[in-house]
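Per chain, numbering begins at 1; letters A, B, ... match sequence-line order. Both backbone and side-chain heavy atoms feed into the values below; hydrogens, waters and symmetry mates do not.
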Number of protein chains: 2
Amino acid sequence: MDNPTNKRVTIHDVAAAAGVSISTASKALNNTGRMGAETRERVKRIAGEIGFRPNALARGLLSKRSFTIGLLTNDTYGRFTLPVMAGVSEALVDHGVSVFLCAIEDDPALGQIHVEAMLDKQVDGIIASGKRMDRRLPVDLSSLPVPVVYAFTEGTENSVTLRSDDAQGARLAVEWLVKLGRRRIAHITGPQDFFSVRERASAYREVAGDVEPVRYGIWAESWGHEAVGSIWAQPGEKPDAIFCGNDQIARGVVDALRERGIRIPEDVSVVGFDNWEIVAAHTRPPLTSVDMGLKELGREAGLTVLALAEGRGVEPGVRKLPCRLVVRQSCGGMSPTE
Amino acid sequence: MDNPTNKRVTIHDVAAAAGVSISTASKALNNTGRMGAETRERVKRIAGEIGFRPNALARGLLSKRSFTIGLLTNDTYGRFTLPVMAGVSEALVDHGVSVFLCAIEDDPALGQIHVEAMLDKQVDGIIASGKRMDRRLPVDLSSLPVPVVYAFTEGTENSVTLRSDDAQGARLAVEWLVKLGRRRIAHITGPQDFFSVRERASAYREVAGDVEPVRYGIWAESWGHEAVGSIWAQPGEKPDAIFCGNDQIARGVVDALRERGIRIPEDVSVVGFDNWEIVAAHTRPPLTSVDMGLKELGREAGLTVLALAEGRGVEPGVRKLPCRLVVRQSCGGMSPTE
DNA sequence: TTAAGGAGAGAAAACCTTTTCTCACGCGAT
DNA sequence: ATCGCGTGAGAAAAGGTTTTCTCTCCTTAA
């Protein structure tokens with residue numbers, strides 16, 4: 001049913017082929033208006049046969065809905081926005097909505113250009129996403145003529161913001177360690193100026209108590225390695241579990257422990273954060289890790305911006321999505337519900 | 001200069017405000033038609049003042065150009081399409097073109113849906129991208145009404161395909177090792193059924209000679225680790241350099257060497273492939289690695305599809321873009337040109 | 001038999017922009 | 001004085017849909 005010419009088939013062609021007027025054709029295809037059941041069926045059948053697909057530009061011009069949204073991110077290479085994007089795309093494709101990807105590094109001018117390009121193209125809404133929860137994108141989205149949803153980046157005053165519940169995730173991890181019988185749980189994590197770091201740390205503190213100081217550092221293997229070095233260099237009792245601020249740190253921790261002949265998980269349990277498959281699953285032993293559910297976050301962001309675009313109300317504020325614990329072999333025990 | 005009402009400002013508003021007709025306004029703004037210089041300036045000034053931006057949908061309806069292209073990928077989480085995407089976006093934003101990101105896992109139905117959605121939205125062209133050069137996307141793009149460019153995935157018969165020159169990249173790496181005085185260079189790499197693997201291996205063979213067998217395995221740290229184990233378990237002379245099929249394998253190799261007390265780069269040089277920052281830069285010591293220039297590839301793909309969309313001819317066939325060697329500390333020596 | 005009403009379908013406007021065509025006017029040349 | 005022409009600017013069509021309005025029949029009830 002391809003059309004041999006290069007010209008796209010329009011509703012005019014459908015109408016002509018079916019021997020009806022354009023308006024009747026349109027109403028038939030959209031299940032609107034009044035007409036004989038037979039006519040409606042015939043139009044639909046013929047439309048299918050000649051491969052008619054409505055021109056979204058024309059439709060959008062009239063309906064003020066382009067079935068298009070923009071995804072703005074400054075996390076070009078990062079592992080955070082990637083699953084978020086996948087989630088957004090997945091949630092919206094069912095609704096016929098396509099996603100403009102706009103990678104603005106940290107360049108305000110570039111951001112501005114992208115936003116304007118999106119508005120020119122009449123996007124129905126914008127999702128702003130980033131690489132950390134407590135930083136803004138370098139572009140002001142607060143007074144746009146379209147709805148904006150923030151996902152994994154800080155939003156403005158009365159905006160809708162979606163984030164993972166890091167405190168709950170941290171609690172999940174530490175409680176799991178406690179349940180396994182660990183009593184001396186250390187926490188090696190990233191820079192203290194990250195909001196997530198502070199949130200995870202205080203949840204850790206709540207559950208694990210004051211037995212070990214929180215160790216702040218950088219988001220790198222080397223820091224995990226080094227921190228273990230300094231803990232084991234000190235005199236006194238050693239931890240029987242280490243809760244790490246991310247998987248890379250955990251990886252460094254595991255390496256450092258192994259170098260000392262300490263067995264994982266028999267002597268020390270290790271838990272990571274992020275559940276970054278490529279690291280967590282390939283560490284020896286594979287890492288138990290907290291998954292922030294970023295894909296789910298993306299899906300939620302997509303549905304939310306869609307709701308706003310359709311005029312359905314959405315309560316503004318910060319919405320936290322739960323994390324889950326992915327159990328592998330680095331801390332013993334078999335399932336988080338056992 | 002915001003407009004207080006929610007209504008978007010159209011060229012009607014500009015015309016009214018400037019006291020001219022719509023056609024005159026349009027011609028003034030597009031620098032077409034004939035009119036007094038003063039009129040033209042006044043229209044432009046007023047358009048700027050009231051914040052007029054032309055509606056791309058309406059423009060596209062008429063011009064048959066939507067200034068929109070689609071990027072199809074099945075590498076949702078992968079590290080390959082990510083830089084490709086960044087390159088595409090970067091190249092096209094200057095031309096006012098926005099990019100639809102379509103993540104089709106490996107699902108033909110999903111692919112079909114996305115392609116149809118893109119065509120409905122009148123994309124000017126499509127870039128297909130994947131996670132390996134010798135696999136097709138699970139969707140047929142061979143007879144679409146818009147131009148298609150393949151980047152880092154296999155294209156169809158008479159298509160334009162962009163890929164990295166893996167043979168040249170491998171040669172670069174091995175020649176570098178030779179220049180450093182290494183004579184017994186091993187090659188530990190991925191599965192032999194990857195085209196890139198075979199290509200890299202034969203380039204390796206050309207330069208390094210027949211002194212060590214190529215060791216095929218899987219794309220994982222564990223394989224690098226294991227391969228070193230088996231090499232060092234064998235009797236006979238040991239390699240003084242190892243060229244790895246990717247950075248993860250290299251990472252496993254480095255770990256295994258260190259466990260044996262072998263110094264890097266003093267005793268053995270190691271080179272990786274992919275230059276995956278997050279792995280290469282954080283291995284101890286940081287890995288020298290071959291960079292496939294994926295961002296450049298993306299940029300090139302963007303410009304190519306744009307050229308096709310504008311009717312400028314592009315020679316079909318496979319175009320290989322050069323790799324470059326990123327020198328870090330894992331093989332000694334300081335710069336690839338020294 | 002006629003008026004009312006409903007069913008089926010088409011005409012036309014609207015969305016916003018670009019482009020082609022037409023028109024009016026003034027000036028220089030005949 | 002008239003013709004032609006160049007200049008400045010507006011009218012209208014086009015692009016593909018959707019939607020409202022209108023029109024024509026036909027049926028049914030009075």
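Pairs engaging residues 71-80 of chain A under the salt bridge (charged side-chain N to carboxylate O under 4.0 Å, His left out) rule: A/Arg79-A/Asp274 [sequence neighbours left out]. Within the structure, salt bridge (charged side-chain N to carboxylate O under 4.0 Å, His left out) pairs that include any residue of residues 55-72 of chain A comprise A/Arg65-A/Asp124, A/Arg65-A/Glu310 (at least two apart or interchain). Under the salt bridge (charged side-chain N to carboxylate O under 4.0 Å, His left out) criterion, the residue pairs touching residues 91-113 of chain A are A/Asp106-A/Lys131, with sequence neighbours excluded. Applying the salt bridge (charged side-chain N to carboxylate O under 4.0 Å, His left out) definition to pairs two or more places apart or across chains, those involving residues 24-39 of chain B are B/Glu38-B/Arg42.
Only one option out of B/Val20, B/Asn31, B/Leu29 pairs with B/Arg40 in a side chain to side chain contact (heavy atoms under 4.5 Å, CB included); it is B/Asn31.
Distance, A/Glu41 CD to C/dG8 P: 14 Å, rounded to whole Å. Look at CG on A/Leu57: it is 13 Å from P on C/dT18, rounded to the nearest Å. Rounded to whole Å, the distance from CG on B/Asp120 to P on D/dG16 is 14 Å.
A sub-4.0 Å separation between OP1 or OP2 of D/dT18 and a side-chain N or O of A/Ser63 is absent.
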Each nucleotide of nucleotides 9-16 of chain C classed B (base within 4.0 Å of a protein heavy atom), S (only sugar-phosphate) or -, in 5' to 3' order, makes BBBB-BBB
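Comparing the helix axis at one end of the helix from C/dT1-D/dA30 to C/dT30-D/dA1 with that at the other, each defined from 5 consecutive pairs, gives an inter-axis angle of 70° (nearest 10°).
Judged purely by atom type and a 3.5 angstrom limit, A/Ser66 uses its side chain to pair as donor or acceptor with the backbone of A/Gln122.
Nearest heavy atom pair, residue A/Asn55 against residue A/Leu57, reads OD1-N, 2.7 Å.
A/Arg319 CZ to A/Thr304 OG1: the interatomic distance, rounded to the nearest 0.5 Å, is 4.5 Å.
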